[in-house]
Amino acid sequence: MFDRVWLNANLATMQGEGLGPIEDGAVAAKDGRIAWVGPRATLPLPLAGHAAEITDCAGAWILPGLIDCHTHLVFGGDRAGEFEQRLAGATYEEIARAGGGILSTVRATRAATEEALLAAAAPRLQALLAEGVTTVEIKSGYGLEAGTELRQLRVARRLGAAHPVAVVTTLLAAHAVPPEFAGRRTDYARHVAEVILPAAAREGLADAVDAFCERIAFTPEETALVFDAARAAGLPVKLHADQLCDFGGAALAARYRALSADHLEHASPEGIAAMARAGSVAVLLPGACYFIREEKRPDVAAMRAAGLRMALATDMNPGSSPALSLLLMLNLGCTLFRLTVTEALRGVTVHAAAALGLADRGRLEPGLRCDLALYRIARPAELCYWIGGNPCCGRVVEGL
């Protein structure tokens, strides 16, 4: 007997290389997992007829629950003032070098209590859930010292416990150089590797480790110090790579077999090919590209040619992508980066799951988590087509 059955639905299963569509389909759940999926006509009726709950979806489309695989959702304050500066002509780099940027959010986050951070983050998370997100990654990176970095990660864990969503945490202490380490960037990278990262690992607060490898952040050599420590702690790595210039980040991510390298606007074809060989995922962040008016676009053609999997995410953060909508990223990914509808939708499901190292979700397939997103649409392309619309009419996390 099934626990729940969803009938009279169209399915985008994401099985195979495309959307894996099934018209007039059904999904059945047992113990939080997908127990059966396929055309309604082939549903084993004796089992379905005794399900504890049967839902008539009235022709809605069911997708795997959406996955936002790159966010900085927990932070203090905002940077609307810097937005005004950029409109007046200042660049992202100029603001950062003048003490703004990440460091301004660091000051606000250090000053915030855990409860204040939790209260500020909850509405941001709820905006994502309302669109059908069932898994979200949340990074630290606005503390740059052990106490605040761990506080951010604790808040992320609490968000996952308080809301119907799976939260994956990532330690991003190597996000920028804090004021107390001014002029000693390599020393801070060692501090992350030797003090902050082990503390997060001891408390079980981090599921992965990230770093910002860029000329305004950390060199590949300094990033390697952090990645070596992550490897010693048994934690997978991710990387902010090649956003502002080709700094060798994609190649570094490949060398460490990173789960993903994210941004990649300036990644070279050689770095892209190395990532594909390593099995890493490219996480494209069109919200940041749009918001900071970056004219350089990721080389999607090279990614296709290399067979590199591409995910999409909000990069929700206060400085370069204050984006509260993953559905909007579908549209921006298609319009700015020229992704196809299939590429975009796989980018927030199966490939986003891979970018987090999660093999148990992202597809509608027996044995996987029963995470579903239901949409009142006529065809999946509508999710990429509408700007500002939200046709989500239901969300299921682990069968509930």
Side-chain angles (χ1 to χ4, degrees), residues 12 14 19 61-75 121-139 156 159-160 163-168 170 238 260 262-263 281-291 298 309-318 320-337 339-356 358 361-364 369 371-377 380-397:
M14 303 300 161
L19 298 183
W61 276 85
I62 299 180
L63 274 69
L66 303 192
I67 298 169
D68 193 347
C69 63
H70 182 132
T71 86
H72 306 251
L73 194 146
V74 176
F75 57 85
R124 302 170 195 145
L125 178 61
Q126 289 163 357
L128 294 176
L129 304 194
E131 293 188 337
V133 170
T134 57
T135 298
V136 61
E137 184 252 22
I138 300 177
K139 304 179 191 293
L159 287 167
H163 299 269
V165 64
V167 170
V168 177
T170 300
K238 302 168 68 66
S260 73
D262 304 23
H263 286 292
V281 177
V283 178
L284 307 183
L285 305 171
C289 204
Y290 165 79
F291 192 72
R309 293 171 293 176
M310 295 178 285
L312 278 173
T314 61
D315 190 18
M316 182 195 297
N317 75 80
S320 62
S321 185
L324 299 173
S325 171
L326 188 57
L327 293 182
L328 177 59
M329 297 307 108
L330 291 173
N331 180 276
L332 292 182
C334 292
T335 56
L336 294 183
F337 296 169
L339 297 181
T340 66
V341 165
T342 295
E343 287 170 336
L345 291 175
R346 288 178 67 83
V348 295
T349 53
V350 60
H351 292 162
L356 297 178
L358 301 174
R361 67 201 72 182
R363 304 184 307 283
L364 302 183
R369 278 174 58 113
D371 291 351
L372 312 177
L374 284 71
Y375 297 99
R376 192 67 61 198
I377 52 177
E382 288 189 45
L383 296 177
C384 303
Y385 167 71
W386 292 107
I387 300 174
N390 180 14
C392 185
C393 61
R395 203 176 61 94
V396 177
V397 178

Dump the intermediate steps for side-chain contact (heavy atoms from CB on, under 4.5 Å) on Asp68 and Leu73, then the final yes or no. CA-CA 11 Å; Asp68 193 347; Leu73 194 146; over 6 Å; no
Check whether Glu382 reaches the backbone of Ile377 with its side chain - one donor and one acceptor, N or O, closer than 3.5 Å. no
Asp371 to Leu364 - nearest heavy-atom pair and separation: O-CD2, 4.4 Å
State the CZ-CZ distance between Arg363 and Arg346, to the nearest 0.5 angstrom. 9.0 Å
Rounded to the nearest 0.5 Å, how far does OH of Tyr375 lie from CG of Leu66? 3.5 Å
When rounded to the nearest 0.5 angstrom, what distance separates CD in Gln126 from NE2 in His163? 5.0 Å
What one should report as the nearest heavy-atom pair of Cys69 and Ala355 is SG-CB, 4.1 Å
State, yes or no, whether a side-chain contact exists between Ile387 and Leu328 at a heavy-atom distance under 4.5 Å. yes
Under the 3.5 angstrom rule, does the side chain of Thr314 hit a backbone N or O of Leu324 as a donor-acceptor pair? no
Could you report the tightest heavy-atom contact between Leu383 and Leu330, atom names first, then the distance? O-CD1, 3.7 Å
Main-chain N/O of Pro164 paired to Arg395 side chain as donor or acceptor, under 3.5 Å: yes
Does any non-hydrogen side-chain atom of Ile62 lie less than 4.5 Å from one of Val396? no
Are the side chains of Asp315 and His263 in touch, meaning some heavy atoms are under 4.5 Å apart? yes
Within-4.5 Å side-chain heavy-atom neighbours: Leu128 and Val165: no
Does any non-hydrogen side-chain atom of Lys139 lie less than 4.5 Å from one of His70? yes
Supply the atom-to-atom distance Met14 CE to His351 NE2, rounded to the nearest 0.5 angstrom. 10.0 Å
Would you compute the distance between atom OG1 of Thr335 and atom OH of Tyr385 and round it to the nearest 0.5 angstrom? 13.0 Å
Measuring only between side-chain heavy atoms, which start at C-beta, is Ile67 closer than 4.5 Å to Leu358? no
Rounded to the nearest 0.5 angstrom, the CG-CD distance for Leu19 and Glu343 is 11.0 Å
Considering only heavy atoms from C-beta outward, does the side chain of Leu284 approach that of Leu339 to under 4.5 Å? yes
Using every non-hydrogen atom in the two residues, find where Pro380 and Leu345 come nearest and quote the distance to one decimal. CB-CD1, 3.7 Å
Side chains of Asn390 and Ser325, heavy atoms from C-beta outward: is any pair under 4.5 Å? no
Could you tell me which non-hydrogen atom of Met329 sits nearest to which non-hydrogen atom of Ala313, and how far apart they are? CG-O, 3.6 Å
Backbone N or O of Phe291 within a donor-acceptor pair of the Ser320 side chain at under 3.5 Å? no
Where Leu312 and Leu326 come nearest, the two heavy atoms and their spacing: O-CD1, 4.2 Å
